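First the proteins, then the strands, lettered A, B, ... as listed; each starts at 1. Remember, it's a predicted structure, so these values are computed and weren't measured experimentally.
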Number of protein chains: 2
Amino acid sequence: MQPQARHLRADAARNRDKLLNSAVQVFGERGLDAPLEEIARRAKVSIGTLYNHFPTRQDLVDAILPERLSDLERITAEALADPDPWEGFVRFLGGLFELQARDHGLNDALARRFPDDSAVGAACRRGFAQAEVIVGRARESGRLRADFETRDLVPLMWAMSQVIRESMEAAPEAWRRHLAFVVDGLRADAARTIAVPPLTDDQLEKLMRGR
Amino acid sequence: MQPQARHLRADAARNRDKLLNSAVQVFGERGLDAPLEEIARRAKVSIGTLYNHFPTRQDLVDAILPERLSDLERITAEALADPDPWEGFVRFLGGLFELQARDHGLNDALARRFPDDSAVGAACRRGFAQAEVIVGRARESGRLRADFETRDLVPLMWAMSQVIRESMEAAPEAWRRHLAFVVDGLRADAARTIAVPPLTDDQLEKLMRGR
DNA sequence: CAGAAACTTGAGGGGACCCTCAAGTTGCTC
DNA sequence: GAGCAACTTGAGGGTCCCCTCAAGTTTCTG
């Protein structure tokens, strides 16, 4: 991450690192609700030390997830680089959920609400802004259905997070099949009029707020 | 439910009833992981009495959910009664998720794995068999895509359960919009070849087993 | 209506996890 | 290498929920 705010004692810096590594592992395997004591245990550090470095779970998550989310930026960039806007959009979805499938912590994070002030919240808002470009481009190309809005990605992410959570263990490719069905429904030529309007700003905000 | 295995003392029968009512409420509001003590509290009965009548959480769930699932049979029947197989299929999906949206307990139940020997497990297997008919009819009509199999409903139920869980509070209609996108992808004329095969029997069984 | 059987009660032990803090240890500075 | 600040430690108190069981209460039966 950063060079760490000045003057962290050598042992402290070492411990902080061990904690971060351990947290990446444990959150990755067990999701963001994993016991903090497990993280401390695997870092071979006492629980007190964990709390010393990261007073709250959110602090720990914030220290880890933005790094993970940077993979997302790579994916976004690739999507935008694709000359075919629709293909780019589809690759974006595939890449996004692939990330989620590889990391339970990230999967939890994206399916969950986050405090506005957290680093993760900020990263998500950034990601959302980039997604807007991808979606807009695909829609304007006429291949993505005209009534699809960026915010419709939110329920899709909830949905996929659950499919991934439930199926990764026994059928690690299953989520791709489900996604394929959904994607086929997002093509312009598959579109039928939908009676329900997109989420309003108010709803979106409420849904994003604390769990 | 049933007249209850002979000779239940009057007060015991009363308490059992209060517990069942309370459980319907509490599971409905908080999902199947709700604290049992809350159920006892609302039934105005001690926790010991709850355990006396229902030694395990599963016993309580089994005593309640099949009744709820019978609504599903009504929906299935309606779906089959529809002269248009595709419309019937779509109504079936709408009805199913509507049920889930109204009852958090049911939502949990359908998104979750169940012991084979539980009443709920049996009810689910029955429901699955009926769904097979609906899906088969719709597929043969040529409106439902040919590569959709009944077991593809499983990931869809996981997906929708999560969308419902996350959005019901702030945007009670949001799930319908998401479903509409998916449904548009299930039409035969929206279908593109999908590389990933359906779940195998083995995978399906593993996924259904204990949580 | 008395005695026996059926049922209820709630305090309490247990486990998982959270978080704190006083006492001990380590590293840095001069 | 002495002394002080920085850091670590882990036992322990708190919460929430699980489940049990000995003692008390209610219903049923003759």
Atom-pair distance (CG on A:L19; P on D:dT8), nearest Å: 9 Å

In whole angstroms, how far is the C1' atom of D:dC19 from the CG atom of B:D59? 14 Å

Whether the A:R165 and A:S161 side chains hold a donor-acceptor pair (N or O, under 3.5 Å, no angle test) is what I'd like checked. yes

Expressed in angstrom and rounded to an integer, what is the separation of B:R16 atom CZ from C:dA6 atom C1'? 16 Å

Are B:T49 and B:N52 linked by a side-chain donor-acceptor pair shorter than 3.5 Å? no

Salt bridge check: are B:R91 and B:E87 linked by an N-O gap of less than 4.0 Å? no

Main-chain N/O of A:L106 paired with A:R68 side-chain donor or acceptor, under 3.5 Å: no

Once you round it to whole Å, what is the distance between P of C:dA16 and CD1 of A:I39? 18 Å

Give the rounded distance in Å between these two atoms: NZ of A:K18 and C1' of D:dT9. 13 Å

Using side-chain heavy atoms (C-beta onward) and a distance below 4.5 Å, is A:R42 in contact with A:E38? yes

Give the rounded distance in Å between these two atoms: CG of B:D11 and C1' of C:dA6. 8 Å

Please list, by residue number, the residues of residues 47-55 of chain B whose heavy atoms come closer than 4.0 Å to an atom of DNA chain C; answer none if no residue qualifies. B:I47, B:G48, B:T49, B:N52, B:H53

Checking D:dC18, D:dC28, C:dT26 against the side chain of B:A10 (C-beta onward), the nearest is D:dC28

Please give, in whole Å, the distance from D:dT29 P to B:R9 CZ? 11 Å

D:dC7 phosphate, OP1 or OP2: any side-chain N/O from A:N15 under 4.0 angstrom? no

Would you kindly compare A:E37 and A:V45 by the position of their nearest DNA chain D nucleotide and give the one closer to the 5′ end? A:V45

Taking 4.0 Å as the cut-off, does a side-chain nitrogen or oxygen of A:R14 come that near to OP1 or OP2 on C:dG27? yes

Walk me through whether A:R126 and A:E73 qualify under salt bridge (Lys or Arg N to Asp or Glu O under 4.0 Å). CA-CA 9 Å; A:R126 245 181 297 123; A:E73 284 172 38; 3.2 Å; yes

Salt bridge flag under 4.0 Å for residues B:D184 and B:R187: yes

Can you tell me how far C1' of C:dC17 sits from CG of A:L32, to the nearest Å? 16 Å

